[in-house]
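The structure presented is a predicted model; accordingly, all values stated were derived computationally and were not measured.
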Amino acid sequence: MMATNSISVRENWERSRVPALPVSVNLLYALEPVAAALGLICLSPVLVFVAIVIRVLSGASPLVAHRRVGRCGKTLWVYKFRTMWPSGGFARAACSLIENVADDEPKLKLGPDPRVTSGFASFCRRHSVDELPQLALVAAGQMSLVGPRPITRFELREYYDTDATEVLSVKPGLTGLWQIRGRSRLTYRQRKRFDLFLVRRFSAGLYFWIIGLTVPDLLFAKDAW
């Protein structure tokens with residue numbers, strides 16, 4: 001069933017006509033993998049430290065991979081540091097570096113998630129440290145620093161419907177308008193509106209404006225929990 005949904009999304013995208021991206025955005029797409037690779041190298045001590053702490057606290061794989069829909073409807077596995085585990089951690093056992101997580105029906109974040117039982121994990125979520133592994137996807141050309149948030153098949157079908165084609169015409173991003181304009185407080189309708197605005201007005205100027213506003217939001221954990 002999942003494979004059929006993925007094929008359907010890709011076929012619908014291929015049959016649709018979506019305006020080409022500006023040259024400046026395509027140039028940024030070409031430069032991002034190099035910048036992301038350098039970022040991974042510079043941040044490698046931090047990434048290793050976070051992974052070790054999470055492994056010790058949780059007793060499980062430090063990374064989880066969530067299945068999302070990427071550009072043109074392709075399946076995209078989005079990496080994040082694990083931030084949810086039972087109080088006291090899982091039973092210690094041999095584990096891999098990454099655990100693939102099946103698609104779940106997403107839920108709006110109306111406040112702090114009770115499944116986040118660690119202060120360290122809470123800090124990582126609020127300051128988006130848990131999303132740093134996604135730089136590897138930017139380096140691989142599968143994601144962008146700026147773009148619509150990665151969405152599930154359920155969200156695509158339930159909330160985006162006929163607008164899915166536009167959202168899938170660009171790469172999903174680590175940050176976007178949704179991140180700097182409400183983040184966890186937004187409803188799905190608001191998120192969709194911001195995603196569509198970004199796609200329809202995408203430019204180098206908007207790209208750098210979003211990055212500029214993302215930095216202080218992450219430092220001060222604005223609208224995050």
**Report entry** Least distance between heavy atoms, L218 atom then H127 atom
**Finding:** O-ND1, 2.7 Å

**Report entry** Side-chain donor/acceptor of R82 to backbone N/O of S61, under 3.5 Å
**Finding:** yes

**Report entry** Any donor-acceptor pair under 3.5 Å from S58 side chain to A60 backbone
**Finding:** yes

Report task. Over 60° means perpendicular and under 30° means parallel, so classify the ring planes of Y159 and Y188, tilted if in between. Result -> parallel

**Report entry** Member of K192, R149, R189 meeting the salt bridge (charged side-chain N to carboxylate O under 4.0 Å, His left out) criterion with E155
**Finding:** R149

Report summary line: For G173 and P150, the nearest pair of non-hydrogen atoms, with its separation, is O-CD, 3.7 Å

Query raised in the report: Going by atom types alone, do R68 and T152 pair a side-chain donor with an acceptor below 3.5 Å?
Result: no

Query - Test side-chain hydrogen bond (donor to acceptor under 3.5 Å, both in side chains) applied to S144 and R71, E32, K171, the passing residue - result: E32

Query raised in the report: If only atom types and distance count, is the side chain of S122 paired as donor or acceptor with the main-chain N or O of S118 below 3.5 Å?
Result: no

Report summary line: Shortest non-hydrogen pair, V199 vs E166, comes out as CG1-O, 3.3 Å

Query raised in the report: For the residue pair A121 and T83, what are the closest heavy atoms and their distance?
Result: CB-O, 3.4 Å

Report task. Specify the closest pair of heavy atoms between P33 and A139, including all atoms of both residues, with the distance to one decimal. Result -> CB-O, 3.3 Å

Report task. Decide, yes or no, whether a salt bridge links E158 with R153 under the criterion of side-chain N to carboxylate O below 4.0 Å. Result -> no

